[in-house]
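For reference, the structure is listed below as structure tokens.
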Amino acid sequence: MSRTASFLDRLVTFVVGVLLIGLGAGALIWNTTVVPGIGDQVTAPVLVTATGTSWWPWAVAAGGAAAVVLGTRWLLAHTPSPLAKPLRLNTSGEPGSITVDLGSLAAAAAQTLTAHPDVRAAKGKAVNDRGTRTIDLTVTGTAESADDLPALTEAIDTVCAHLAHAIGDNSPATRAILHISTHPTRHPHHRVT
């Protein structure tokens with residue numbers, strides 16, 4: 001999800017949450033004496049008058065169109081990237097072909113990264129990002145200082161270079177997201193052998 005979609009998500013969630021809290025609180029105190037002077041009925045004379053004007057249908061249509069566009073955009077922003085299809089290595093036209101399951105390759109790359117002493121966890125997946133096969137690696141590492149980062153990024157670069165070398169000219173894009181924990185003692189590293 002992009003930063004804009006994430007921001008809009010939080011904003012819409014906040015607005016809807018505040019509205020629901022307000023409606024819920026209003027419903028709870030409606031027939032009580034907590035707030036004096038609350039009427040028995042809710043009226044909106046301005047809204048009733050507006051519905052009789054010539055511009056009202058156009059305003060409702062514009063609001064509906066805007067809601068459809070915003071809703072569609074919101075849904076598209078939250079659609080997960082489709083998984084990448086297997087990659088065919090032999091495209092020269094010769095008989096036989098070799099295909100690589102990029103999801104398995106991404107998982108193997110993540111498993112390789114977990115062998116590094118500064119890597120606490122790693123996950124890999126293969127997606128089709130805007131028409132490009134992409135291997136996404138999400139790495140959680142530990143670093144006591146900035147001096148520990150070059151070794152960690154070099155390990156990630158090495159794994160990505162091995163991926164490109166193993167697949168050859170048809171190599172998919174690779175993307176690594178690195179999360180750093182500065183307190184390795186809070187999250188001890190367990191190496192599985």
Do Phe14 and Leu19 come close enough that some side-chain heavy atom pair is under 4.5 Å?
-> no
The side-chain contact (heavy atoms from CB on, under 4.5 Å) partner of Thr138 among Arg175, Lys125, His179 is His179
Say you draw a straight line from CG of Asp118 to OG1 of Thr142; how long is it, rounded to the nearest 0.5 Å?
-> 4.5 Å
Greater than 12 external heavy atoms within 6.0 Å of Trp58's CH2 = no
Passes side-chain contact (heavy atoms from CB on, under 4.5 Å), Leu102 versus Arg133? Steps please.
-> CA-CA 9 Å; Leu102 294 177; Arg133 289 180 175 127; 3.6 Å; yes
Is there a donor-acceptor pair under 3.5 Å between the side chain of Thr134 and the backbone N or O of Thr132?
-> yes
Over all heavy atoms of both residues, which pair between Ala106 and Ile135 is shortest? Give the atoms and the distance, please.
-> CB-CG2, 3.6 Å
Give the minimum heavy-atom separation between Gly103 and Ala126, together with the two atoms involved.
-> N-CB, 3.6 Å
With a 4.5 Å limit on heavy-atom distance, are the side chains of Leu105 and Pro172 in contact?
-> no
Side chains of Gln111 and Thr114 in contact at under 4.5 Å (non-hydrogen atoms) = yes
Taking the side chain as every heavy atom from C-beta outward, state whether Ile180 and Leu149 have any atom pair closer than 4.5 Å.
-> yes
Any idea which heavy atoms bring Ile156 and Ala176 closest together, and the distance?
-> CG2-CB, 3.5 Å
Do Leu20 and Leu11 sit in the same hydrophobic cluster, where Ile, Leu, Val, Met, Phe, Trp and Tyr count as joined when their side-chain heavy atoms come under 4.5 Å apart?
-> no
Please name the pair of heavy atoms, one in Ala109 and one in Val159, separated by the smallest distance, quoted to 0.1 Å.
-> CB-CG1, 3.6 Å
Among the clusters formed by ILVMFWY side chains lying less than 4.5 Å apart, do Val60 and Trp55 turn up in the same one?
-> yes
Is the closest side-chain heavy-atom distance between Ile177 and Val139 below 4.5 Å?
-> no
4.5 Å side-chain heavy-atom contact, Leu152 and His116 | yes
Are any of the side-chain heavy atoms of Thr153 and Leu178 separated by less than 4.5 Å?
-> yes
Do you know which two heavy atoms are closest between Ala50 and Trp56, and how far apart they sit?
-> O-CB, 3.2 Å
